[in-house]
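Numbers here are sequence positions counted from 1.
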Amino acid sequence: SAVGLAAYGLFALSENSMVLSAAIFITLIGLIIYLHFVKIDQESLLVIGSLGIQVTSSYASGKESTTFIEMGQVKDVVINEAIHMQKVIYYLCILLQDPDDPQGISEVVPLFQSSKPRLDCLTEVYKSCQEILEQRKTAPQSS
């Protein structure tokens, strides 16, 4: 809207319709880029104990982005907390195991960054993930 107001102001001063047309065109291109690359409509998490974890983000334009993490890389799933703008926010994270140090963590992968679900929803997802991870740990390993 700021681009539109600035363009209308320039149009009023210069009385050149090309300025207004260019501003409208730039605004539309910006909106399309925003919808295609930035605006996430839906996030999902699929956990399969024998394979891994799939994280999918669906954008407003219909584009989907999928990330797969092999179960062998997953050390744990945790609920983390952070302070943001004078309030505490909670988010679900996957802790990836360090290949060099079995007790260490190589990376923290945050989940649901766009949807920001409430703590009670995160707790339900966390419990389900922990059940699957426990089944994987107690399952007999085949060689």
If hydrophobic clusters are built from ILVMFWY residues whose side chains come within less than 4.5 Å, do [X] and [Y] share one?
X    : Y    : result
Y126 : L119 : yes
I40  : L45  : no
I79  : V74  : yes
L111 : V78  : no

Evaluate whether atom CZ of F25 has more than 12 neighbouring non-hydrogen atoms of other residues, nucleotides or ligands under 6.0 angstrom away. no
More than 12 non-hydrogen atoms from neighbouring residues, nucleotides or ligands closer than 6.0 Å to CD1 on I83, yes or no? no
Rounded to the nearest 0.5 Å, what separation is found between the [atom1] atom of [X] and the [atom2] atom of [Y]?
X    : Y    : atom1 : atom2 : answer
L96  : I105 : CG    : CD1   : 9.0 Å
M71  : I132 : CE    : CD1   : 7.0 Å
L95  : S106 : CG    : OG    : 9.5 Å
F68  : Q73  : CZ    : CD    : 9.0 Å
L31  : I26  : CG    : CD1   : 14.0 Å
E107 : C93  : CD    : SG    : 11.0 Å

Under the side-chain hydrogen bond (donor to acceptor under 3.5 Å, both in side chains) test, residues paired with S115 that sit two or more places apart: E43
Side chain to side chain donor-acceptor pair (under 3.5 Å): pairs with one or both residues in residues 74-84, sequence neighbours excluded: D76-Q130, N80-Y91
Return each pair, listed once, that meets side chain to side chain donor-acceptor pair (under 3.5 Å) where at least one residue sits in residues 46-63; pairs must be two or more places apart or across chains. H36-S61, Q54-T56, S58-E64
Looking only at non-hydrogen atoms, find the nearest pair between P117 and F112 and report the distance. CD-CB, 3.6 Å
Indicate the atoms forming the closest heavy-atom contact of L122 with Y90, along with that distance. CD1-O, 3.3 Å
Report yes if the side chains of L46 and I53 come closer than 4.5 Å at any heavy-atom pair, otherwise no. no
R118 vs C121 side-chain heavy atoms within contact, under 4.5 Å: yes
